[in-house]
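Below is one structure, written out as structure tokens, with a few remarks after it.
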Amino acid sequence: MKVLVVGSGAREHAIVWKCVQSDLVERVFCAPGNGGTGGMARNIAIAPTDVVRLVSFAKQERLGLVILGPEAAVEAGAGDALRDAGFQVFGPGREAGRIESSKSFAKALMRRAGIPTADFDTFTQPAPAKAWAAARDGQVAVKADGLARGKGVIVCSGVKESDAAIEAMLVENRFGKSGATVVVEERLEGPELSLLGVTDGTEVIALAPARDFKRAHDGDLGPNTGGMGAYSPPLAVDESVVREVVSTVLIPAVKELAAGGHAFRGVLYAGVMLTKDGVRTLEFNARFGDPEAQVVLPRLETDFVALALAAAKGGLASFPPLRWTDRPCVGIVVASGHYPDEAGMQIGFPIRGLAEMPRGVLIFHAGTRFEPGRGLVTDGGRVVTAVALGDTVAQARETALSGARQVRFEGAFYRTDIAQEAVAG
Ligand code: AMP
Ligand code: GLY
């Protein structure tokens, strides 16, 4: 079978890496891919949002499966168009994908389905939004309604901050159309958990739990990013927590989407907070997490393509239980200087050290590009994820860190505290 992975991040590199290991697969393509996917699959110069060309490529190659990586492909309607043309797609259609692309849609769905989440309201005018936040002393999270690549949430600890966040979105339009509607919700406290469920629209099979580190700098300081690292399984997340999130968050969401006529086929990602009052849902994503995919997929021993195909076809009820390695996995993102500030960020620098990786380090590329005559150069904010499995979290972390240290380019930085919380002593 021929498989197309849509996207160009480290998440897609990890998906491609998994697909090429499948016995079911004869050839893997990646659209548009990056400097890493080009080494193990064929990169095809089609943007994830170019739905027309994705469909004609699928026809030309008679693809057996298309896997949608990024939310942009979902929002562009790639899932609908490919399914309408008769292809098997691991990824939802646009309407089901609104669970990610509109925070107000997601919050309304959670309310209808009784999914535990923070108290909230939705606003298009600054004055009532500010009043709602002020009534909670500014202890709120202000969220741009639309897609903002992980950067559209401002967590506030006072009225000055909540006023500024609301102004930035509703008055200064700093998030463009995405911020023309905002969700303001109560601020919650507690460790976070990313639980990804593979679903065919009815059944849900949870993947191994992971924790993502969203702030740019050590100690959870600095701005929110798309994710600076992750590990699996996270501290204090046992089977019972996973079961609870599946039954109170993922299954009700999948049912509610199906009841609305929009069955979700693909990966539904629940971002939850484990508060002292119980599980609370922060967000849904309609796709794999990045960097969660980079630490979850290496632990999966079941053939991923068989799983994705069963979800695409609606056959998960008879799918055998997933097999996982017990070995923990840690992933550390090496980013371009100034990331996530795209304006201050420079790219195009040569990347050195990738050929001398310590044993056991997997490198998943994101913002890399092969430039004839210069080799690999940086091409985005998150450049690579250095990933390692280990007998213990401590060992996986040390190996991943030794990999991250080895990746050298001008302005490179990475967090040194990913998964440290889970290292004894
Ligand atoms: P989201 O995109 O909604 O997951 O938000 C991004 C990040 O902002 C989350 O991973 C949390 O770290 C933080 N966040 C979101 N909502 C809240 C909330 N209600 N209280 C505290 N932190 C939040
Ligand atoms: N790591 C968070 C995300 O993929 O949205």
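Atoms within a ligand are numbered from 1 in the order they appear, just like the ligands themselves. Along the sequence shown, the residues carry numbers beginning at 1. All values below were derived from every heavy atom in this structure, side-chain atoms included, with hydrogens, water molecules and symmetry-related copies excluded.
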Near E185 (heavy-atom distance under 4.0 Å), the atoms of ligand 1 are 16 (N), 17 (C), 18 (C), 19 (N)

Is a donor on one side and an acceptor on the other found under 3.5 Å between the side chain of N285 and the backbone of R287?
no

Report, in ascending order of atom number, the atoms of ligand 2 lying under 4.0 Å from any heavy atom of G226.
1 (N), 2 (C)

Counting from 1 in the order shown, the ligand 1 atoms closer than 4.0 Å to a non-hydrogen atom of N224 are 7 (C), 8 (O)

Relative to each other, are the rings of F413 and H217 parallel, tilted or perpendicular (30° and 60° limits)?
tilted

Mark the output for E186 as yes if a heavy-atom distance to ligand 1 is under 4.0 Å, and as no if none is.
yes

Would you say R187 and ligand 1 have an N/O pair spaced under 3.5 Å apart?
no

R11, portion touching ligand 2 at heavy-atom distance under 4.0 Å:
neither

Below 3.5 angstrom, do we get any N/O pair linking E283 and ligand 2?
no

For the residue pair A366 and R382, what are the closest heavy atoms and their distance?
CB-O, 3.1 Å

Mark up the atoms of ligand 1 that fall under 4.0 Å of a heavy atom belonging to V155, in ascending order.
8 (O), 13 (C), 14 (N), 22 (N), 23 (C)

Can you find an N/O atom of D212 closer than 3.5 Å to an N/O atom of ligand 2?
yes

May I ask whether P291 has any heavy atom positioned less than 4.0 angstrom from an atom of ligand 2?
yes

Output the list of atoms in ligand 2 that are nearer than 4.0 Å to some heavy atom of R287, sorted by atom number.
3 (C), 4 (O), 5 (O)

Backbone N/O of L193 and side chain of R211: donor-acceptor pair under 3.5 Å:
no

Should the pair K143-E283 be classified as a salt bridge under the 4.0 Å nitrogen-to-oxygen rule?
no

Quick check: G227 and ligand 2, any N/O pair under 3.5 Å apart?
no

Numbered atoms and elements of ligand 2 in range of G289, under 4.0 angstrom, heavy atoms:
4 (O)

Flag L188 as yes when one of its N or O atoms lies below 3.5 Å from any N or O atom of ligand 1, and as no otherwise.
yes

Can an N or O of E292 be found at a distance shorter than 3.5 Å from an N or O of ligand 2?
yes

In this structure, CZ of R415 is separated from CG of L401 (nearest 0.5 Å) by 12.0 Å

So the atoms of ligand 1 within less than 4.0 Å of a heavy atom of A141 turn out to be 16 (N), 17 (C), 18 (C), 19 (N)

Answer with yes or no whether R280 contacts ligand 1, where contact means a heavy atom under 4.0 Å from a ligand atom.
no

